[in-house]
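First comes the structure, then the notes that go with it.
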Amino acid sequence: MSGRNLAIGSISDISLIARYERASYADFRSYNHGISLNFKVPGFAYFESGLLHRKTNFYNNEWLWRSVLMSDPLPIAGQKIHFNLLSLINGTGENGTEVFLRPELLWELSAKGAFQLGLRHEIHRYKINGRDYSRKSPMLILKWNL
């Protein structure tokens, strides 16, 4: 937006974020806004981390720490493997900290990584009314990157 280079040290870019979430369970809605930093990290094609103010139809004034990272291709036995991670850490005063992690391990099927086959494992831990909940969902995925 500024047309200026905002790189500072290992920070390669600064972004303003707005994120809207909606889910079928309990008619959940969330409005998020904040700032995110992109980092130059050896071994990673993309590394972003940011802090967002969050307002949901259940809680006001939460904070969400959001990180996304994607590795450069790792050569293993002549193949190219990628590690990606989405991390969401949400702090609420009433129910403690909610953690959502989505690591992926992907194998490049095509020359430039357009098609990737791999494993994704979602991990979600949270509390509602003092009760602990946990969900783990392993998945086999095929990704097509444009």
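On a predicted model such as this, the values are computed, not experimentally measured, just so you know.
Interatomic distance, CG of Leu106 versus CD1 of Ile81, reported as 8.5 Å (0.5 Å rounding). Note that OG1 of Thr97 is 11.5 Å distant from CH2 of Trp65, once rounded to the nearest 0.5 Å. The structure places CD of Gln79 at 9.0 Å from CG of Leu109, a figure rounded to the nearest 0.5 Å. With values rounded to the nearest 0.5 angstrom, Ile35 atom CD1 is found 6.0 Å from Leu16 atom CG. The OG atom of Ser30 sits 4.0 Å away from the CD atom of Glu21 when rounded to the nearest 0.5 Å. Rounding to the nearest 0.5 Å places OH of Tyr31 at 7.5 Å from CG of Asn57.
The 12-atom threshold is not exceeded at CZ of Arg131, counting heavy atoms of other residues, nucleotides or ligands nearer than 6.0 Å. For Arg102, the CZ atom counts as densely surrounded, since its 6.0 Å shell holds more than 12 non-hydrogen atoms of other residues, nucleotides or ligands.
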Could you walk me through whether Val99 and Ile123 pass side-chain contact (heavy atoms from CB on, under 4.5 Å), step by step? CA-CA 8 Å; Val99 175; Ile123 303 160; over 6 Å; no
Take Arg66 and Phe100 through the side-chain contact (heavy atoms from CB on, under 4.5 Å) test and state the conclusion after the steps. CA-CA 10 Å; Arg66 176 183 173 273; Phe100 176 82; over 6 Å; no
Take Leu101 and Ile89 through the test side-chain contact (heavy atoms from CB on, under 4.5 Å) and record every step on the way to the result. CA-CA 8 Å; Leu101 301 172; Ile89 300 173; 5.6 Å; no
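No option in Asn61, Asn32, Leu64 other than Asn61 meets the side-chain contact (heavy atoms from CB on, under 4.5 Å) test with His53.
Val41 is connected to Leu37 through a chain of hydrophobic side-chain contacts under 4.5 Å among Ile, Leu, Val, Met, Phe, Trp and Tyr, so both are in one cluster. Both Leu69 and Phe39 are assigned to one and the same hydrophobic cluster, defined by single-linkage of ILVMFWY side chains at heavy-atom distances under 4.5 Å. There is no path of hydrophobic side-chain contacts, each under 4.5 Å, that joins Tyr133 to Leu88. Taken together through direct or relayed side-chain contacts under 4.5 Å among Ile, Leu, Val, Met, Phe, Trp and Tyr, Leu74 and Met70 form parts of separate hydrophobic clusters.
In this view, Lys143 and Glu104 satisfy the salt bridge (charged side-chain N to carboxylate O under 4.0 Å, His left out) rule, not counting sequence neighbours.
Side-chain contact, Arg54 with Thr56: no donor N or O sits under 3.5 Å from an acceptor N or O.
Ring geometry, Trp144 versus Phe115: the interplanar angle falls under 30°, so the pair is classed parallel (tilted spans 30 to 60°). His124 and Tyr126 have tilted rings, their planes meeting at an angle from 30° to 60° on a 0 to 90° scale.
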